[in-house]
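Working notes for the structure below.
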Amino acid sequence: MKKRIAILGATGSIGDSALSVIAKHPDRYQVVGLSGFSRLEKLLKLCQTFLPKYVCIPSDKVDRFQDLLHQANLTCEILSGSQGLDALASLDDVDMVVASIVGSAGLSSTLSAVKAGKTVLLANKEALVMAGELMIQEAVRSGAVLLPLDSEHNAIFQCLPTDVQQNRQAIHDPKKGIKQLWLTASGGAFLDKSYQDMQNASIAQAVKHPNWPMGQKISVDSSTMMNKGLELIEAGYLFGMSVDNIKVVIHPQSIIHSMVEYVDGSWLAQLGIPNMQTPIAHALAYPERIESGVAKLDLFSLSNLTFLPPDLQKFHCLTLAYQAMQAGSYACIALNASNEVSVAAFLANKIRLTDIADINEAVLNKINQQTIGSLDDILAMDQLARQLANGFVANFVKKN
């Protein structure tokens, strides 16, 4: 039987890649639902191509999209708003959910998919950063399967023994010999630039990633290495590893996507050209393998693969992520929320790129340790951190 798929965030770059792979295998997959936020014309074209039964859009765009569907002679059941996303993620006629809505906006729907016991292809790293403990608990309870789409986490997943892939607790079995997880990082747009270059960076410079076509927010996070910090926290929850056993190494060529180090001195690495269709194809077909449509990696063209330690002073956001992970869930939630606010302020040309780390640190220093036990606790901490971050943004605007 075909796997029935809902794609949350279908008009983004992950949605593009997922639908590209799915289109190559019409015998295996059926697109049941799509969601989009602002690019209604693009969403309409996807509906024309994949004929989903359900489509979810913001509540204030329902009438406009209904007109577009009517003009195109299409009939889709329209869901709307955050409640619509939650419903789409947990529908009985959905087997797999691609969770690719950027930022905290994707948390509730991802959690809904997990609670409903779906196979969740996780591209929304903030869902685990904010609610990692809750997400894992719900997955254990419901039987949901979490498969990472981030190229780094997908690479680590592929390099782990099969029984560890299917039971995260087995990663601590001494017989498995797993010593450390290594996340690779491209180094972003400012790897070879100075801190002063980062201070003076334009928005255009900060969103120009050297290897991957990505959205603005994640590209800025790559420039500050906050993206790697979020991935560090995500890896801790996803694989059940402590911060002491997860390392970051800069690998500018982005050919090795991540590695697992074993106690006997062996290292297992996953290689491939930088293209998100590879990890998406892996997760869609797991535990099988299918064609992704990605060009073959030519080993003979690889004249130079380099590895560098990250500059934790220049890329202070990465240091903050290590600190937040050591402090606990409340700090991870606050860091993510503050970062979303400060990145938005940078993209609005209100603050400098380097102010992002300073604002994030100020928020972490301001909040008090709290126990996080529910979604309400998570959302309350998220809101508090956003309020603090907005206040610090205002101060930085005045200084600049």
Side-chain angles (χ1 to χ4, degrees), residues 122-123 125 128 146-188 191 209-212 221-222 225-283 286-287 289 292 294 296-299 301-312 315 318-319 321-322 325:
L122 193 61
K125 60 177 60 66
L128 277 181
L146 297 178
L147 297 174
L149 289 191
D150 269 346
S151 60
E152 295 83 359
H153 301 88
N154 182 268
I156 288 172
F157 185 87
Q158 292 193 52
C159 294
L160 292 171
T162 301
D163 51 348
V164 176
Q165 293 175 354
Q166 297 173 356
N167 175 15
R168 64 193 294 272
Q169 294 301 322
I171 202 167
H172 301 294
D173 183 348
K175 295 178 182 178
K176 305 303 174 189
I178 297 165
K179 184 176 182 180
Q180 293 188 127
L181 309 180
W182 286 81
L183 291 167
T184 59
S186 69
L191 174 61
H209 192 276
N211 297 331
W212 304 86
D221 283 347
S222 176
M225 286 197 72
M226 185 73 253
N227 190 46
K228 204 54 51 180
L230 296 176
E231 289 177 8
L232 174 81
I233 297 168
E234 183 184 6
Y237 286 124
L238 190 61
F239 300 113
M241 292 291 273
S242 73
V243 65
D244 295 330
N245 298 108
I246 307 174
K247 306 297 181 184
V248 173
V249 57
I250 293 178
H251 170 51
Q253 296 80 20
S254 295
I255 296 297
I256 294 177
H257 297 299
S258 277
M259 301 168 281
V260 176
E261 179 185 0
Y262 288 84
V263 294
D264 62 1
S266 298
W267 291 58
L268 298 186
Q270 187 265 337
L271 286 70
I273 65 171
N275 190 311
M276 284 303 298
Q277 289 175 215
T278 298
I280 287 170
H282 172 267
Y286 180 80
R289 298 272 182 173
S292 66
V294 173
K296 180 181 177 180
L297 176 64
D298 180 7
L299 289 177
S301 69
L302 302 181
S303 59
N304 189 29
L305 298 180
T306 55
F307 304 91
L308 306 164
D311 183 339
L312 295 179
F315 299 116
L318 183 55
T319 300
Y322 273 106
M325 195 173 174

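Along the sequence shown, residues are numbered consecutively beginning with 1. Just so it is clear, the values below take in all heavy atoms, side chains as well, and ignore hydrogens, waters and symmetry mates.
Taking 4.5 Å as the limit, some side-chain heavy atom of N227 sits within range of a side-chain heavy atom of K125. Put simply, the side chain of H257 does not reach to within 4.5 Å of the side chain of H251, judged on heavy atoms. Between Q253 and L302 the shortest side-chain heavy-atom distance does not fall below 4.5 Å. Inter-residue side-chain proximity for H153 and L122 is flagged as unmet; no heavy-atom pair is nearer than 4.5 Å.
The shortest non-hydrogen separation linking S301 to D298 is OG-O, 2.7 Å. The shortest heavy-atom contact between V260 and L160 is CG2-CD2, 4.1 Å. The nearest pair of heavy atoms linking P274 to S254 is CG-O, 3.5 Å. Here the closest non-hydrogen pair linking M241 and M325 is O-CE, 3.7 Å. Nearest heavy atoms, L191 versus P252: CD2-CG, 3.7 Å. What you find for K176 and V164 is that their closest heavy atoms are CG-CG2, 4.0 Å.
Residue pairs meeting the ring-ring contact (aromatic ring centres under 6.0 Å, His included) criterion with at least one partner in residues 225-248, sequence neighbours excluded, do not occur; the list is empty.
Residues satisfying the side chain to side chain contact (heavy atoms under 4.5 Å, CB included) test with V249, not counting sequence neighbours, are W182, T184, M259, F307. Residues satisfying the salt bridge (charged side-chain N to carboxylate O under 4.0 Å, His left out) criterion with K228, sequence neighbours excluded, are E152, E231. Not counting sequence neighbours, Y322 has no partner by the ring pair (Phe, Tyr, Trp, His ring centres under 6.0 Å) test. Legend: residues meeting side chain to side chain contact (heavy atoms under 4.5 Å, CB included) with A321, ordered by chain and number and at least two apart, are M226, L232, I233, L335. Considering only residues two or more places apart in sequence or on other chains, L271 meets the side chain to side chain contact (heavy atoms under 4.5 Å, CB included) condition with I255, I256, A269, L297.
The CG atom of L147 sits 12.5 Å away from the CD1 atom of I280 when rounded to the nearest 0.5 Å. S242 OG to L181 CG: the interatomic distance, rounded to the nearest 0.5 Å, is 9.5 Å. Atom NZ in K179 sits 10.0 Å away from atom NZ in K247 (nearest 0.5 Å).
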Practice task
Decide side chain to side chain contact (heavy atoms under 4.5 Å, CB included) for I250 and M225; before the verdict, give the C-alpha distance in whole Å, the side-chain angles of both, and the deciding distance to 0.1 Å.
Solution key: CA-CA 10 Å; I250 293 178; M225 286 197 72; 4.2 Å; yes

Practice task
Please lay out, stage by stage, how L128 and L230 fare under the test side chain to side chain contact (heavy atoms under 4.5 Å, CB included).
Solution key: CA-CA 9 Å; L128 277 181; L230 296 176; over 6 Å; no

Handout entry: Intermediate values then yes/no, side chain to side chain contact (heavy atoms under 4.5 Å, CB included), I178 and Y262
Key = CA-CA 5 Å; I178 297 165; Y262 288 84; 3.6 Å; yes

Practice task
Test side chain to side chain contact (heavy atoms under 4.5 Å, CB included) on Q270 and S258 and set out the steps.
Solution key: CA-CA 6 Å; Q270 187 265 337; S258 277; over 6 Å; no

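The six-membered or imidazole ring of H282 lies near that of Y286, with a centre-to-centre distance under 6.0 Å.
Judged by distance alone, with hydrogens and angles left aside, the side-chain atoms of N154 form a donor-acceptor pair with the main-chain N or O of P148 at under 3.5 Å.
Side chains of T278 and N275: no donor on one and acceptor on the other come within 3.5 Å.
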